[in-house]
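Only one structure is covered here, and it is reproduced in the block below.
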Amino acid sequence: MGSRRALHYVLKVGDRGQTAKFYRELLGMKVLRHEEFEEGCKATCNGPYDGKWSKTMIGYGSEDSHFVVELTYNYGVGEYRQGNDFRGITIQSSQAVQHARQMKWLLSDLEDGVFEVVAPGGYKFYLEDKDQPKTDPVQKVALAVSDLQKSLHYWSNLLGMKIYSKDETKKKALLGYADNQCKLELQDIGGPVDHGTAYGRIAFACPKDELPSIEAEMKKENQKILTPLVSLDTPGKATVQVVILADPDGHEICFVGDEAFRELSQTDPTADKLLNDAMAADKSEEWFAKHNRQKPSA
């Protein structure tokens, strides 16, 4: 499975302006791509919504060598309900800690030089107060599970992830596809996993020839397939093939063909301006205010 790699995690956001400020100014990430869509995604990339939406890829470098965040914004939704499914993203960056202090953003000192900071929308980030590495500063994504052994069987035995460590006392395990990639931490919470309406999705790349076999393996093992193998078009860019799965706790997992995705995911030097222009042109808040209505919560 050495050819598989971790790509990004999808977060739904309701306040695009404050969200952009957090990722750009506090975390110090760069906007890599920004795309606007007039209708919902065939693979429900933006959730179960049919209307206009946008996708912003943001991170410390290209997805060829970095794990990034995909921010999906639905124009008609102002807020999403958090569940207990997403436990947080850990980043090694003393610069981000310094930025949080300068911005007077609430920073909770946990232990051993780790600080918790909450992004708009309620998403938790854990900042390790160490110099930002020249490689990817994003260390791991943590997700909640209800049965660690069952989840380890799924992620390791069926999806081929290596188990890097396992802590029986704390009921958690660290997995990944390669030493130099962002890891996945599974935390057993001893009860049901609630995805709320803010639920995300984790994405991995694999050779496109592996996609049919991944789908076939899941069918054989009676595992959930949310979106069978499908081609997704982005106007003016490469068409990619994806299959969307759900693990035993309902965490959404996207596998995308690596060859076309590398072409699709090239960093766009105009991405920052595209996001700024889209935010300036977004009149959805004004429309709801004009009609004495609050932007709906999902």
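Heavy atoms only: backbone and side chains are in, while hydrogens, waters and symmetry mates are out.
- Screening residues 257-283 for ring pair (Phe, Tyr, Trp, His ring centres under 6.0 Å) gives no qualifying pairs among residues at least two apart or on separate chains.
- The only option from M218, K219, Q223 that meets the side chain to side chain contact (heavy atoms under 4.5 Å, CB included) definition with E221 turns out to be Q223.
- A salt bridge between K170 and D188 is absent, with no side-chain N of the basic residue lying under 4.0 Å from a carboxylate O of the acidic one.
- Side chains of D268 and L274 form a contact here, defined as non-hydrogen atoms less than 4.5 Å apart.
- A cation-pi contact, defined as under 6.0 Å to the ring centre and within 45° of the axis, links K162 to Y164.
- With values rounded to the nearest 0.5 angstrom, S265 atom OG is found 7.5 Å from L7 atom CG.
- Note that K52 lies outside the cation-pi zone of F37, set by a 6.0 Å cut-off to the ring centre and a 45° limit from the axis.
- The shortest non-hydrogen separation linking S231 to T239 is CB-CG2, 3.9 Å.
- A chain of hydrophobic side-chain contacts below 4.5 Å, direct or via other Ile, Leu, Val, Met, Phe, Trp or Tyr residues, connects L11 to V141.
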Start with the C-alpha gap between K30 and Y60, add the side-chain angles, then the distance that decides, and say whether side-chain contact (heavy atoms from CB on, under 4.5 Å) holds. CA-CA 6 Å; K30 297 174 183 174; Y60 292 103; over 6 Å; no

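- Annotation: the span from W105 atom CH2 to L27 atom CG amounts to 9.0 Å, rounded to 0.5 Å.
- L226 has its side chain out of reach of L245: every pair of non-hydrogen atoms, C-beta onward, lies at least 4.5 Å apart.
- L211 approaches G257 most closely through the heavy-atom pair CD1-N, 3.7 Å.
- Between the side chain of K183 and the backbone N or O of Q181, at least one donor-acceptor pair lies under 3.5 Å.
- In the hydrophobic cluster analysis, where Ile, Leu, Val, Met, Phe, Trp and Tyr join through side-chain heavy atoms closer than 4.5 angstrom, W155 is grouped together with I225.
- Separation of atoms NE2 (H153) and CG (D247) is listed at 12.0 Å; rounding is to 0.5 Å.
- Counting heavy atoms from C-beta outward, L229 and Q241 have side chains that approach closer than 4.5 Å.
- In terms of hydrophobic clustering, with Ile, Leu, Val, Met, Phe, Trp and Tyr side chains grouped at heavy-atom distances under 4.5 Å, V118 and L26 are assigned to different clusters.
- Hydrophobic clustering (side-chain heavy atoms under 4.5 Å, transitive across Ile, Leu, Val, Met, Phe, Trp, Tyr) groups L159 together with L148.
- Donor-acceptor pairing under 3.5 Å is recorded for the side chains of E63 and H8.
- Counting non-hydrogen atoms of other residues, nucleotides and ligands closer than 6.0 Å to CD of E39 gives a total of 12 or fewer.
- Residues T267 and S62 form a side-chain contact, since some pair of their non-hydrogen atoms from C-beta on lies under 4.5 Å apart.
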Apply the test side-chain contact (heavy atoms from CB on, under 4.5 Å) to residues L143 and D85: give CA-CA distance (whole Å), side-chain angles for both, the deciding distance (0.1 Å), then the verdict. CA-CA 6 Å; L143 301 177; D85 54 341; 6.0 Å; no

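- Considering all non-hydrogen atoms of both residues, S146 and V193 come closest at N-CG2, 3.9 Å.
- Using modelled atom types, one finds a donor on one side chain and an acceptor on the other under 3.5 Å when comparing Q132 with S93.
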For S151 and D249, what are the C-alpha separation, side-chain angles and deciding distance, and is it a side-chain contact (heavy atoms from CB on, under 4.5 Å)? CA-CA 8 Å; S151 294; D249 288 294; 3.5 Å; yes

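- Both tests do not hold together for K124 against F86: distance to the six-membered ring centre under 6.0 Å, angle to the ring axis within 45°.
- Put simply, the side chain of V242 does not reach to within 4.5 Å of the side chain of F255, judged on heavy atoms.
- Electrostatic pairing of E36 and R16 counts as a salt bridge here, judged by a charged N lying under 4.0 Å from a carboxylate O.
- Counting heavy atoms from C-beta on, the side chains of C45 and L232 come closer than 4.5 Å.
- In this structure, the side chain of E252 does not engage the main chain of G250 through any donor-acceptor pair within 3.5 Å.
- Taking the charged nitrogens against the carboxylate oxygens, R4 and E210 do have a contact shorter than 4.0 Å, which makes a salt bridge.
- Note: T72 OG1 to R201 CZ = 9.5 Å, rounded to the nearest 0.5 Å.
- Nearest heavy atom pair, residue D209 against residue S213, reads O-OG, 4.4 Å.
- We find the CG-OH distance between D194 and Y199 to be 12.5 Å, quoted to the nearest 0.5 Å.
- Relative to the six-membered ring of F115, R101 meets both conditions, a distance below 6.0 Å and an angle of at most 45° to the axis.
- Using a 4.0 Å cut-off between charged side-chain N and carboxylate O, E35 and K55 make a salt bridge.
- Of all non-hydrogen atoms in H66 and P137, the two that sit nearest each other are CD2-CD, 4.5 Å.
- Think of Y126 as one node in a network of Ile, Leu, Val, Met, Phe, Trp and Tyr side chains linked at under 4.5 Å; its network also takes in L110, V114.
- Between Y123 and F125, the distance from one ring center to the other does not fall under 6.0 angstrom.
- For the pair E185/K172, a side-chain contact is recorded, criterion being any heavy-atom separation below 4.5 Å from C-beta on.
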Working for salt bridge (Lys or Arg N to Asp or Glu O under 4.0 Å), residues K273 and D277: CA-CA 6 Å; K273 181 179 185 302; D277 290 348; 2.7 Å; yes

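- Between the side chains of Y80 and N74, at least one donor N or O sits under 3.5 Å from an acceptor N or O.
- Counting all heavy atoms, side chain and backbone alike, Y154 lies closest to A246 at OH-O, 3.4 Å.
- Atom-to-atom distance recorded for I91:CD1 and K140:NZ is 12.5 Å, nearest 0.5 angstrom.
- Remark: the backbone N or O of A144 is paired with a side-chain donor or acceptor of H251 at under 3.5 angstrom.
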Verdict with supporting geometry, Y9 and F67, side-chain contact (heavy atoms from CB on, under 4.5 Å): CA-CA 8 Å; Y9 194 83; F67 188 86; 3.9 Å; yes

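- Note: the hydrophobic cluster containing Y177 also contains V243 (ILVMFWY, side chain heavy atoms under 4.5 Å, direct or indirect links).
- Ion pair E168/K166 flagged as a salt bridge, since at least one NZ, NE, NH1 or NH2 atom sits closer than 4.0 Å to an Asp/Glu carboxylate oxygen.
- A donor and an acceptor atom, one from each side chain of N46 and Y73, are nowhere located under 3.5 Å apart.
- Panel note: side chain Q82, backbone G121; a donor-acceptor pair is recorded below 3.5 Å.
- R262 has a carboxylate O that lies under 4.0 Å from a charged side-chain N of D64, or vice versa, which qualifies the two as a salt bridge.
- Between S3 and P207 there is a side-chain heavy-atom pair separated by less than 4.5 Å.
- Side chain of H99 to backbone of E25: a donor-acceptor contact under 3.5 angstrom is found.
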